[in-house]
Amino acid sequence: MTINPRAVSITIKSLKINMSLIYRLLPFLIFYLASYDQSLHAQSCQELESWTQVIENEFPSVKTKSPRSGSPVYNAIRFNLLSDKFFIPMFGKPFEKLGKLKKFAIAVKITKCKKKPKYPVSQRLDWYMWGVLNQEKAYNDAIKEVATIRELRKEFPVILNKINSPLVTYEDLEGFSNLVETEFQRLLPSEINRLEQAIEKQYAKASKNSIAQSLDSVNKEVDSFEKLHKIRIFDLVHKQMLSHLNDTDKRAFRDQLFTIETNTINNLLNQEELTFNVISKVKVQDYPKLNQAIFTFLGSWKPYLHVSSVQGFKKRYFELKTKIIGDNASYAGGLVIESETLETFKMNQDEVFRYTLSSDPRISKMLAIVNRTFKQFELVYLIEEISKIREEVMVSKIFSMKSFRTLQQNLNKIEEILTYPGLDEETIANTDFFIKKALSISDIICVKNMQTEHLKIIADFENIQHKKRYHLDNFKSQIRAYKTKYKDCDGHAGQEIYKLTIKLMETHAGRYF
């Protein structure tokens, strides 16, 4: 057989051309063949819409406003679409098992569908699937989230069974609640709500059991003020648990708590009775011990002084102190009246009459005498102070404004005391004499100081007339201070010098004001 070289050459060239064409068409041939694989069939636009809507129905707001990329809603829709529960029924296999061609085909299909007005959901689907089908980082991140959601859905029935267990405790439920609020937020709202509802249902039972145990524990404690404190803050400590109970159960627990509190108060008051019986035997000279006992009682029972039984016991203490002081009026009054200073007078008066009932006629009478005596005692003290100042001024010839202010203060106090009813005639006469002396020395002090300061200010002004302007500002300040300082000087002479001084200074400095 003879071979034609020319024919062979033409055949080889033709074969090369055909092979090149085959290589170019190979991707399309593979994609075409893959389309016949039942597990990788090409989904219709309507199927893609339905797939997306199942997830979007969990988030009604997305139909009016697309969620921001990376937001909790966006991520929940994005990764639940790719999760086994929704992806496998749609595409036949888990998201991470898809080949490049299938991912490419899905991306192309979504792009085609979103261009058709008939399929508006596909526009959002394209937004949810951004990057996961054609970008390596987005794809890898999605694989991790899908794996996490897969594990959560495996754990879901286990957690639900634990929540519904009759042995679940309040502390267990708090742990499950925290888990739902963090990890399980990756699931859909319907799934999260199922867990939350189960937890809330169990919370009521667990709270009721936990509160009952706490009440029983408090009730078994030895009666003490510490126990009363725990009862008082019980609602605050168990506030969260109580919020899970219905009104009937809340009332039942609070009734139990009130009963425990009442019994504890009564038992402690029985113990208080022993202390009261001992202290009720004290003599009048030991009244400080009675004061201390009452002080301790009031301090310990302060949160419960509104309770009628505690109020009654407080009244008994006050009646006891009133009787002891009232039965020994001469001794008790003498303790106060014989005080050596104003400070000790007030201190003794407070100690003797503290915790007594002023409504008792004996106490009210004693207080009237003591208060009148104190006013007379105070008058003597003020007069002595005025005398000391007068003597100091007359001897030293130093007329300080401090002395003037002290005299004025004392005179004001004396004027107030003299209005007190019941002061004796001799005290009033002596006071009137010293007031006149005080006014005299007060006038002298004021006038002398005015004259001295007036001359000083005028001299300062003469020295600064030819100096810088800011010195004149200082002079104006001196005049304003002088006006304030001496405007209250008593006596005709004082007022005349005051007016003259102001007139002279304003005349000298008039052009600068």
Exercise. Should the pair E145-R78 be classified as a salt bridge under the 4.0 Å nitrogen-to-oxygen rule?
Worked result: no
Problem set entry | Minimum heavy-atom distance between S358 and S364, given as atom pair plus value | O-CB, 3.5 Å
Exercise. Checking side chain to side chain donor-acceptor pair (under 3.5 Å) for the pair Q349/N371: CA distance, chi angles, key distance, verdict?
Worked result: CA-CA 9 Å; Q349 181 180 359; N371 287 333; 2.8 Å; yes
Exercise. Would a distance-only check, ignoring hydrogens and angles, find a side-chain to backbone donor-acceptor pair under 3.5 Å from N246 to D249?
Worked result: yes
Seminar exercise, completed: Residues at least two apart in sequence or cross-chain that pass side chain to side chain donor-acceptor pair (under 3.5 Å) with N57, listed by chain then number, are K63
Exercise. Relative to the ring of Y304, is the ring of W301 parallel (under 30°), tilted (30 to 60°) or perpendicular (over 60°)?
Worked result: perpendicular
For this session: Would you confirm whether the ring centroid of F225 sits within less than 6.0 angstrom of the ring centroid of H229?
Result: no
Exercise. Charged N to carboxylate O under 4.0 angstrom, K220 versus D216?
Worked result: yes
Exercise. What pairs with N193 under side chain to side chain donor-acceptor pair (under 3.5 Å), at least two apart in sequence or on another chain?
Worked result: none
Problem set entry | E56 vs Y128, side chain to side chain donor-acceptor pair (under 3.5 Å): CA-CA, chis, key distance, verdict | CA-CA 11 Å; E56 280 196 338; Y128 300 140; 2.6 Å; yes
Problem set entry | Steps toward side chain to side chain donor-acceptor pair (under 3.5 Å) verdict (S339, N348) | CA-CA 8 Å; S339 303; N348 290 336; 2.9 Å; yes
Exercise. Is K314 close enough and on-axis enough to F318, meaning under 6.0 Å and within 45°, for cation-pi?
Worked result: yes
For this session: Give a yes or no on whether the backbone of L188 and the side-chain of E191 come within a donor-acceptor separation of less than 3.5 Å.
Result: yes
Exercise. Is there a donor-acceptor contact under 3.5 Å from the side chain of D350 to the main chain of K346?
Worked result: no
Let me have the donor-acceptor pairs involving side chains of residues 291-300, under 3.5 Å, with sequence neighbours excluded, atom names and distances please.
unit_1	atom_1	unit_2	atom_2	d
N291	OD1	K321	NZ	2.7
N291	ND2	E351	O	3.0
N291	ND2	E351	OE1	3.4
Q292	NE2	T296	OG1	3.3
T296	OG1	Q292	O	2.9
S300	OG	T296	O	3.0

Problem set entry | Carboxylate-amine/guanidinium proximity below 4.0 Å for K162 and D172 | no
Exercise. Quick one: do E151 and K154 make a salt bridge, cutoff under 4.0 Å?
Worked result: yes
Problem set entry | Main-chain N/O of S190 paired with E58 side-chain donor or acceptor, under 3.5 Å | yes
Problem set entry | Charged tip of R316 within 45° of F313 ring normal and under 6.0 Å | yes
Problem set entry | Heavy atoms from other residues, nucleotides or ligands near CZ of F258 exceed 12 (cutoff 6.0 Å) | no
Exercise. Are the side chain of S83 and the backbone N or O of N80 linked by a donor-acceptor pair below 3.5 Å?
Worked result: yes
Exercise. Any ion pair linking D360 and K323 (charged N to carboxylate O, less than 4.0 Å)?
Worked result: no
Problem set entry | Over-ring placement of R68 relative to Y74, 6.0 Å and 45° cut-offs | no
Exercise. What pair of heavy atoms forms the shortest contact from T322 to L357, and how long is it?
Worked result: OG1-N, 2.8 Å
